[in-house]
Undergrad: 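Input: one structure, supplied below.
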Number of protein chains: 2
Amino acid sequence: MATLKEVADSAGVPMLTAFRALNQHDTVDEVTRRCVQEAADKLNYTLKITQIDIADLAGVAKGTVSYALNNSELIKPATRQKVLEAAQMLGYHLNISARNLRMNRTGVVGYSWHVADDPSRMNNLLDRFIYRVTMAAEERHFHLLTFVQPQKNADRVYESLISTSRVDGFIISDVTYNDPRIARLTAMRAPFAAFGGMYLENADFAYVDVDGKKGIRLVMDHLFEQGHERIGLLGWPSGWPFGDAREVSYREAMRDAGIRIENGWIAHTHNILDSAAMAAQKIMNSKFPPTALVCANDLMAFGAKSYLDSVNLRIPDDVALTGYDDDPTAQFLGITSVHQPIDELAEALFEILLGDINQEPLPNRQIIFNPELVIRRSTQ
Amino acid sequence: MATLKEVADSAGVPMLTAFRALNQHDTVDEVTRRCVQEAADKLNYTLKITQIDIADLAGVAKGTVSYALNNSELIKPATRQKVLEAAQMLGYHLNISARNLRMNRTGVVGYSWHVADDPSRMNNLLDRFIYRVTMAAEERHFHLLTFVQPQKNADRVYESLISTSRVDGFIISDVTYNDPRIARLTAMRAPFAAFGGMYLENADFAYVDVDGKKGIRLVMDHLFEQGHERIGLLGWPSGWPFGDAREVSYREAMRDAGIRIENGWIAHTHNILDSAAMAAQKIMNSKFPPTALVCANDLMAFGAKSYLDSVNLRIPDDVALTGYDDDPTAQFLGITSVHQPIDELAEALFEILLGDINQEPLPNRQIIFNPELVIRRSTQ
DNA sequence: TGATCTTTTTGAGACGTCTCAAAAATAGTG
DNA sequence: CACTATTTTTGAGACGTCTCAAAAAGATCA
């Protein structure tokens, strides 16, 4: 296709006039507009400002424009200024696709927010996480592509996204043992960074994590201090590192305190309010009902609280209750919880990923953060 | 850079051998591998399979490969087969950036999921919405780019994304009166489709919506049937079409039923649990306390319920309670709510957007869905 | 002034794809 | 078989950017 300058020359007007004419700008009279339009039509030109147009207007070479726009040190300030002004005048916008092709990168990072057929995450923590990751990415001129991963063969979706150059790398959460996504991405040498991984064996990939065992230990110590000994655990089905670590920590704390875990004190359910409420009921109806209930997260605690309320068990007088994640629900319901420094974590995670993408890996690619206990009226 | 064929020729081996050698494949012996590697180094070649390589292997022209891979009718089945096999053998993956540049489209749609500094949406409805939109997009080989919009000048972010060819169009939610994003995108002729818009005046853009007035009317009629007359409303601050429509509908229903709305029956708060609980308290402490409380959504209803529980007002015996959106919390708490057909809506929305992107606008670019009342124990 | 060194600009070429007009192959017809 | 009509393949070129090696301009010094 022709350039703007060619159209302008053909119409016998200055470039800027041609530009304004094609933009239907008021400053150009009707006759000129039509004339320019005809020239454009003849050359089969549609207005689309590129670096070449800027070069023509500023009277420099296209290479110079590229350097100037990218703030290269090579370019003389005066020239840069000239170029920037021309760009401004023509309302230039970089074409990302062209840059991507040339540089073989995309400035996009993938994150699978939803899992197909199981979209109701109800996970305020991850919501906050993804918000901060997006912020971190955008500050570095990256963008986030969110996609749905299937329950089976999720790794293929990751493979497809990376090998078609749709994304430069991935953020991964909900890491499982022997996670096929991680295996696949590692094999492909595709950049990725995970939220979670410290309690996986041989995790030699980039991750950030919050020490879940430490978090539960904070909860347990707090409950012990309050005089509790009969403490129940409302956890998730095993097989997920996050949940398993929390349960391990609970057991360790009980053992260290010399307290026997009675039958029925531990229940496992999926991360659903109803199930949590029912599980709480089961625990409270066990032979030696606990005086405190530790929940795997705030949603489970909410479910448990609903059950306790419904049978008029007072919190914390009859039963103390704790959650995990410090989400808005727990704040509202006054449930003692564990705060995770999601903001810093997300930032760090993206930094690590960016290092890998740029082939300049950070020295420390595995960072562990500390959780914080947030005491509320559900335990005191 | 050189092509795989050139490397193979230079090393004096068949293309496939060269390919496998560069992949460190076991089937190629050490000597050949090194030989090929040297040839590649000499030509400054790094393995990256393109359509040209497929063409070389299949013995056809590169144009043929493109046609074949895109299932063009032009290509003879036998040829297509040959090409596909070659592609398979070389593990070919399309380079999206190149296609995007050539076709001047991206296959990406933008959606601003979070608003800067106000990330805690706690909006299960929109979460489901975005899940279904993503699914709809991916079924059509599109992807979703989620970004954070600033509180001020959000339209600039939209402009930047579209004018740099980062996205082909937008999904928009939380539409306001005189929404600057819509003004901007309309002025730029950028494709977009909104969730919400039926109660905006002169909304001549593409949207889908669920009739919010109708939804509240369903709630009100249900409450009237249950014998309620003193009905309060827990709504949002005015200025948002969604909320305003609900309040208007409440007022119309009361007027049609010939019931005077007493002082203190209507409260407005932000979409926060705490605020909702406090507002509920205010309403219930008004001079003529209502016997039923209609909430703008389920989160507000949850907040209200917490207050009612805390003062031992029984639901529904002392006060009936309704929400809106039919989210998991309402399901769990047994709160009567209004279901919106989010799944169909998201699908329809994306179809409309896709039509606009492809410059083949659907005939019906504004679709209104009907809400459904879900009666639970909070009202009977 | 001319020679040398440094800074700045230039212009070509490549990234991988799609698509057009033109060429080649094939089928159909008398 | 020759000719036309149709189907299929070809190969060049364009999309807009970045970057390299080379050229030009400017600075420094004898």
Side-chain angles (χ1 to χ4, degrees), chain A residues 1-6 43-56 58-83 86-87 90 92-107 141 163-166, chain B residues 1-6 43-56 58-83 86-87 90 92-107 141 163-166:
Chain A
M1 209 210 310
T3 68
L4 180 58
K5 182 167 167 50
E6 286 165 24
L43 291 167
N44 194 23
Y45 176 81
T46 47
L47 188 59
K48 176 125 208 227
I49 300 301
T50 75
Q51 294 184 357
I52 297 181
D53 298 317
I54 299 178
D56 287 341
V60 298
K62 65 171 177 164
T64 307
V65 173
S66 177
Y67 284 127
L69 292 176
N70 288 303
N71 290 316
S72 161
E73 297 295 333
L74 286 174
I75 299 301
K76 211 160 50 167
T79 311
R80 185 204 315 289
Q81 189 59 30
K82 214 167 47 177
V83 169
L90 296 175
Y92 170 75
H93 286 281
L94 175 75
N95 182 312
I96 295 274
S97 298
R99 166 181 282 176
N100 290 351
L101 173 60
R102 182 53 169 72
M103 304 191 64
N104 195 27
R105 43 88 91 190
T106 65
H141 304 289
S163 58
T164 56
S165 295
R166 181 62 93 181
Chain B
M1 210 210 309
T3 66
L4 179 59
K5 183 168 167 48
E6 285 165 23
L43 291 167
N44 192 24
Y45 177 81
T46 47
L47 188 58
K48 177 128 208 227
I49 300 301
T50 73
Q51 293 184 357
I52 297 180
D53 298 317
I54 299 178
D56 287 341
V60 299
K62 65 169 178 166
T64 308
V65 173
S66 178
Y67 284 127
L69 292 175
N70 289 302
N71 289 316
S72 159
E73 296 295 333
L74 287 174
I75 299 300
K76 212 162 48 168
T79 309
R80 184 202 318 290
Q81 188 60 28
K82 215 166 44 177
V83 169
L90 296 175
Y92 168 76
H93 287 282
L94 176 75
N95 183 312
I96 295 275
S97 298
R99 165 181 282 176
N100 289 350
L101 173 60
R102 183 54 168 73
M103 302 189 68
N104 194 27
R105 42 89 93 190
T106 66
H141 304 289
S163 58
T164 57
S165 295
R166 181 63 93 182

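Note that the structure is predicted; figures quoted are calculated from it, not measured. Letters A, B, ... are given to chains in the order of the sequence lines, protein chains preceding strands, and every chain is numbered from 1. When reading the values below, keep in mind they use all heavy atoms of this one structure, side chains included, and skip hydrogens, waters and symmetry mates.
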Undergrad: Measure from the side-chain heavy atoms of B:Lys62 and tell me the nearest of C:dT17, C:dT19, C:dT10.
TA: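 Of the options given, the side chain of B:Lys62 lies nearest C:dT17.
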Undergrad: When A:Gln51 is tested against each of A:Leu94, A:Asp56, A:Asn95 for side chain to side chain contact (heavy atoms under 4.5 Å, CB included), which residue passes?
TA: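 Of the listed residues A:Leu94, A:Asp56, A:Asn95, the side chain to side chain contact (heavy atoms under 4.5 Å, CB included) partner of A:Gln51 is A:Leu94.
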Undergrad: With the side chain of B:Thr79 defined as its heavy atoms from C-beta on, choose the nearest nucleotide among C:dT17, C:dG16, D:dT8.
TA: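 Nearest to the side-chain atoms of B:Thr79, counting from C-beta on, is D:dT8.
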Undergrad: Taking atom C1' of D:dT17 as reference, at what distance in whole Å does atom CG of A:Asn95 sit?
TA: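 Checked: the CG to C1' distance equals 8 Å.
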Undergrad: May I ask you to say what B:Thr50 touches in the nucleic acid, namely base, sugar-phosphate or nothing, with a heavy-atom cut-off under 4.0 Å?
TA: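 Sugar-phosphate contact only.
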Undergrad: Tell me: CD1 of A:Ile96 to P of D:dC15, nearest whole Å?
TA: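 After rounding, the gap between these two atoms is 19 Å.
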Undergrad: Is there a donor N/O on one and an acceptor N/O on the other, under 3.5 Å, for the side chain of A:Arg102 and the base of C:dC15?
TA: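 Answer is no: no donor-acceptor pair is held.
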Undergrad: Can you find a donor-acceptor pair, distance only, under 3.5 Å between B:Tyr67 side chain and C:dC20 base?
TA: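 Indeed there is one.
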Undergrad: Given C:dC18, C:dG16, D:dG11, identify the nucleotide with an atom nearest to the side chain of B:Ala61.
TA: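 Selected nucleotide: D:dG11.
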Undergrad: Pull out every residue in residues 68-77 of chain A that has a heavy atom closer than 4.0 Å to any atom of DNA chain C, ordered by number, or say none.
TA: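 Heavy-atom contacts with DNA chain C come from A:Leu74, A:Ile75, A:Lys76.
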Undergrad: Can you figure out which of C:dT17, C:dT8, C:dC15 approaches the side chain of A:Leu101 most closely?
TA: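 My answer, after comparing the listed nucleotides, is C:dC15.
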Undergrad: So what does A:Leu94 touch, heavy atoms closer than 4.0 Å: a base, only the sugar-phosphate, or nothing?
TA: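 Sugar-phosphate contact only - A:Leu94 comes under 4.0 Å of backbone atoms but never of a base.
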